K.L.:
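Following this message is one structure expressed as structure tokens.
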Amino acid sequence: QVQLVESGGGWVQTGGSLRLSCAASGRTIRGHTMAWFRQAPGKEREFVAVITWTGGINYADSAKGRFTMSRDMNTVYLEMSSLKPEDTAVYYCAARLFDTVLYYSPTRYFYWGQGTQVTVSS
């Protein structure tokens, strides 16, 4: 079991930056695939970024060049810059234990945080 708690969301103007954190408790996230997803009102949950313990990393096209995901032993981060109104969503951290594969579908992840709201105003 692992519990995930996101933080760092908030309100920012277009072009601004935010840093999201996802802290794990219950066990280390070493050896696991970790991902960020987001969900805007009325839309499906969509992939943002994923990182494996072995160093694999990938981003959604909408995030490439603007977002950077990183991790340490118990926390994953999402540095977001040049934010746009279309980035407004609840951002979720997710974990798939004991795996080193990049997964892009939310159905592949079994542990989720409660989400943190990001609002980008125009």
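Nothing fancy with the numbering, it's 1 onward along the sequence. Just so you know, these numbers come straight off a predicted model, no measurement behind them.
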K.L.:
Does any N or O in the side chain of Ser81 come within less than 3.5 Å of the main-chain N or O of Arg66, such that one atom is a donor and the other an acceptor?
P.N.:
yes

K.L.:
Which heavy atom of Tyr91 sits nearest to which heavy atom of Leu20, and what is that distance?
P.N.:
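Looking at all heavy atoms of both residues, the closest pair is CB-CD1, 3.6 Å.
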
K.L.:
Heavy atoms only: give me the nearest Ala89-Ala40 pair and the separation to one decimal.
P.N.:
CB-N, 3.8 Å

K.L.:
I need the Tyr103 OH to Asn58 CG distance, nearest 0.5 Å.
P.N.:
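One gets 14.5 Å once the value is rounded to the nearest 0.5 Å.
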
K.L.:
Considering non-hydrogen atoms only, spot the tightest contact between Leu18 and Leu83 and give its length.
P.N.:
N-CD1, 3.9 Å

K.L.:
Please check if Ile51 and Trp53 belong to a single hydrophobic cluster, counting links between Ile, Leu, Val, Met, Phe, Trp and Tyr side chain heavy atoms closer than 4.5 Å.
P.N.:
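No, Ile51 does not connect to Trp53 through the hydrophobic network.
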
K.L.:
Check whether more than 12 heavy atoms from other residues, nucleotides or ligands sit under 6.0 Å from atom CZ of Arg45, and answer yes or no.
P.N.:
yes

K.L.:
Is it possible for you to say whether Phe98 and Met34 belong to one hydrophobic cluster, with membership spreading through side-chain heavy-atom contacts below 4.5 Å?
P.N.:
yes

K.L.:
Any side-chain heavy-atom pair from Met69 and Tyr59 closer than 4.5 angstrom?
P.N.:
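Result yes, sub-4.5 Å side-chain heavy-atom pair found.
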
K.L.:
Would you say the side chain of Val101 lies within less than 4.5 Å of the side chain of Thr52, judging by non-hydrogen atoms?
P.N.:
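Side-chain contact under 4.5 Å: no.
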
K.L.:
Okay, side chain of Thr88, backbone of Val120: is any donor-acceptor separation there less than 3.5 Å?
P.N.:
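Such a contact is found between Thr88 side chain and Val120 backbone.
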
K.L.:
Give a yes or no on whether the backbone of Val90 and the side-chain of Gln39 come within a donor-acceptor separation of less than 3.5 Å.
P.N.:
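Side chain of Gln39 to backbone of Val90, a donor-acceptor pair under 3.5 Å: no, none is there.
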
K.L.:
Is there a side-chain contact between Leu4 and Trp112, using heavy atoms and a 4.5 Å cut-off?
P.N.:
no

K.L.:
In sequence, state the C-alpha distance, the side-chain angles, and the governing distance for Arg38 and Ser62, and then conclude on side chain to side chain contact (heavy atoms under 4.5 Å, CB included).
P.N.:
CA-CA 12 Å; Arg38 67 186 183 187; Ser62 60; 3.5 Å; yes

K.L.:
Looking just at side-chain N and O atoms, do Arg96 and Tyr109 make a donor-acceptor pair shorter than 3.5 Å?
P.N.:
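No, because no side-chain N or O of Arg96 sits under 3.5 Å from a partner of the opposite role on Tyr109.
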
K.L.:
Quick check: does any side chain N or O of Glu79 sit under 3.5 Å from a backbone N or O of Arg19, one acting as donor and the other as acceptor?
P.N.:
no

K.L.:
Going by an N to O cut-off under 4.0 Å, is there a salt bridge joining Lys64 and Asp61?
P.N.:
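Salt bridge between Lys64 and Asp61, a charged N being under 4.0 Å from a carboxylate O: yes.
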
K.L.:
Which heavy atom of Thr107 sits nearest a heavy atom of Ser105, and at what distance?
P.N.:
OG1-OG, 2.8 Å

K.L.:
Are any non-hydrogen side-chain atoms of Leu78 and Phe67 less than 4.5 angstrom apart?
P.N.:
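Yes. Closest side-chain heavy atoms under 4.5 Å.
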
K.L.:
Are Phe47 and Trp36, when compared by the centres of their aromatic rings, separated by less than 6.0 Å?
P.N.:
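No, the ring centres sit 6.0 Å or more apart.
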
K.L.:
Testing the basics here: between Ala24 and Val2, what is the closest heavy-atom pair and its distance to 0.1 Å?
P.N.:
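What the structure gives for the nearest pair is CB-CG2, 3.8 Å.
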
K.L.:
More than 12 heavy atoms of other residues, nucleotides or ligands under 6.0 Å from CD of Gln117: is that the case?
P.N.:
yes

K.L.:
Any heavy-atom pair between the side chains of Tyr111 and Gln3 that's under 4.5 Å?
P.N.:
no

K.L.:
Should Phe37 and Val50 be counted in the same cluster of Ile, Leu, Val, Met, Phe, Trp and Tyr side chains packed under 4.5 Å apart?
P.N.:
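In one cluster with Phe37: Val50, yes.
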
K.L.:
Using atom types as modelled and distance alone, determine if a side-chain donor or acceptor of Glu6 lies under 3.5 Å from a backbone N or O of Ser21.
P.N.:
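No.
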
K.L.:
Any side-chain heavy atom of Val76 within less than 4.5 Å of one from Cys93?
P.N.:
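Of all side-chain heavy-atom pairs linking Cys93 with Val76, at least one is under 4.5 Å.
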
K.L.:
Under a 4.5 Å cut-off applied to non-hydrogen side-chain atoms, are Tyr92 and Thr116 in contact?
P.N.:
no

K.L.:
Quick one: do Asp72 and Tyr77 satisfy side chain to side chain contact (heavy atoms under 4.5 Å, CB included)? Show the steps, please.
P.N.:
CA-CA 9 Å; Asp72 58 25; Tyr77 306 94; 3.0 Å; yes

K.L.:
Donor-acceptor pair, distance only, cut-off 3.5 Å: does the side chain of His32 make one with the backbone of Ala95?
P.N.:
no

K.L.:
Just how far is it from atom OG1 of Thr75 to atom CE of Met73, taken to the nearest 0.5 Å?
P.N.:
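Rounded to the nearest 0.5 Å, the OG1-CE separation comes to 10.5 Å.
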
K.L.:
Going hydrophobic residue to hydrophobic residue with side-chain gaps under 4.5 angstrom, can you get from Val48 over to Ile57?
P.N.:
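Yes, because Val48 and Ile57 connect within a single hydrophobic cluster, where side-chain heavy atoms sit under 4.5 Å apart.
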
